[in-house]
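Taking it in order: structure first as structure tokens, then the write-up.
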Amino acid sequence: MHSVYQHWDPLKVCAVGRSFPPEFYSRIKNSKVRNAMERVAIETEEDYQKIISKLEEFNVKIVRTDISENIDDYCNTEGVVVEPPPMCPRDFTSMVGDKFYMPGKSYAQNFNVDEIFDDLLWKLGQKSISNIKDP
């Protein structure tokens with residue numbers, strides 16, 4: 001899918017993060033705090049949209065990290081947020097070879113982790129065997 005071999009390659013695809021939506025803060029009882037957090041969420045998304053717009057001017061394809069629709073996915077049993085939003089894509093995504101993996105609604109349903117791992121080990125083993133020279 002996406003590969004980078006030199007730092008001077010033109011940017012073709014860019015992963016852009018995402019913050020919690022304003023609705024995420026609806027649990028906050030203090031209205032001043034809730035309104036401030038909602039405003040920050042709105043302004044953060046506006047900033048992301050400006051970045052996306054600028055990248056698209058240069059024909060860069062945008063990939064956005066996904067936010068779970070279930071707020072409880074980010075909270076512990078007491079309702080305290082313990083999982084940050086995927087604002088830094090490198091913390092929530094992975095590039096293995098030429099495959100890009102990103103959590104989403106169908107995470108781990110569209111690929112078999114064991115199969116991918118076994119395939120990687122097999123390929124590494126083949127490379128190791130091909131590098132052995134007879135004395």
Side-chain angles (χ1 to χ4, degrees):
M1 185 172 164
H2 314 295
S3 298
V4 176
Y5 299 102
Q6 298 90 17
H7 64 276
W8 57 84
D9 281 346
L11 183 63
K12 296 179 183 176
V13 179
C14 183
V16 176
R18 196 180 299 261
S19 183
F20 292 132
E23 304 81 44
F24 182 81
Y25 303 101
S26 63
R27 292 181 175 191
I28 299 174
K29 292 179 179 38
N30 184 322
S31 63
K32 283 186 176 182
V33 173
R34 183 180 58 250
N35 290 339
M37 295 302 291
E38 289 172 346
R39 188 177 74 244
V40 168
I42 291 167
E43 291 175 4
T44 301
E45 183 57 29
E46 288 172 356
D47 292 341
Y48 280 132
Q49 291 303 318
K50 287 178 186 174
I51 291 169
I52 290 168
S53 176
K54 182 53 75 177
L55 289 168
E56 286 175 340
E57 285 180 28
F58 294 101
N59 297 319
V60 175
K61 181 182 174 192
I62 304 301
V63 177
R64 300 272 330 251
T65 51
D66 194 17
I67 291 281
S68 173
E69 294 176 5
N70 186 359
I71 292 174
D72 293 330
D73 289 349
Y74 301 95
C75 302
N76 64 14
T77 54
E78 289 85 36
V80 176
V81 176
V82 293
E83 183 74 28
M87 294 180 82
C88 297
R90 70 168 184 250
D91 296 341
F92 291 84
T93 62
S94 180
M95 188 79 175
V96 179
D98 62 351
K99 293 190 185 202
F100 182 69
Y101 298 95
M102 179 172 63
K105 291 176 181 64
S106 62
Y107 182 68
Q109 294 174 7
N110 57 345
F111 57 88
N112 182 323
V113 175
D114 292 330
E115 184 178 308
I116 292 169
F117 185 69
D118 290 343
D119 187 46
L120 284 171
L121 288 178
W122 186 83
K123 286 178 182 176
L124 287 172
Q126 290 299 99
K127 286 181 182 178
S128 297
I129 291 171
S130 65
N131 290 333
I132 297 174
K133 296 181 180 176
D134 291 327

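Treat the numbers as computed from the prediction; the structure is a model and nothing was measured.
Partners of Asn30 under the side-chain hydrogen bond (donor to acceptor under 3.5 Å, both in side chains) rule, at least two apart in sequence or in another chain, do not exist in this structure. Contacts of Glu23 classified as side chain to side chain contact (heavy atoms under 4.5 Å, CB included), with partners at least two apart in sequence or in another chain: Pro21. Annotation: side-chain hydrogen bond (donor to acceptor under 3.5 Å, both in side chains) contacts of Lys54 (sequence neighbours excluded): Glu57. Residues that satisfy the side chain to side chain contact (heavy atoms under 4.5 Å, CB included) test with Asn59, not counting sequence neighbours, are absent from this structure. Remark: Glu43 pairs with Arg39 by the salt bridge (Lys or Arg N to Asp or Glu O under 4.0 Å) rule, at least two apart or across chains. Taking the side-chain hydrogen bond (donor to acceptor under 3.5 Å, both in side chains) definition, one finds that Glu45 meets it with Gln49, Arg64, sequence neighbours left out. In this structure Phe24 satisfies the ring pair (Phe, Tyr, Trp, His ring centres under 6.0 Å) test together with Phe20, sequence neighbours excluded.
Side chain of Arg18 to backbone of Pro86: no donor-acceptor contact under 3.5 angstrom is found. No donor-acceptor pair closer than 3.5 Å links the side chain of Ser19 to the backbone N or O of Thr44.
When hydrophobic residues (I, L, V, M, F, W, Y) are linked wherever their side-chain heavy atoms come within less than 4.5 Å, the members clustered with Ile62 are Leu11, Val16, Tyr48, Ile51, Ile52, Leu55, Phe58, Val60, Met87. With side-chain heavy atoms closer than 4.5 Å counting as contact, directly or through intermediates, Ile42 stands alone and belongs to no larger hydrophobic cluster. Other residues sharing a hydrophobic cluster with Val40 under the 4.5 Å side-chain heavy-atom criterion for ILVMFWY residues do not exist; the residue is a singleton.
Between Pro89 and Ala15, the closest heavy-atom pair is CG-O, 3.5 Å.
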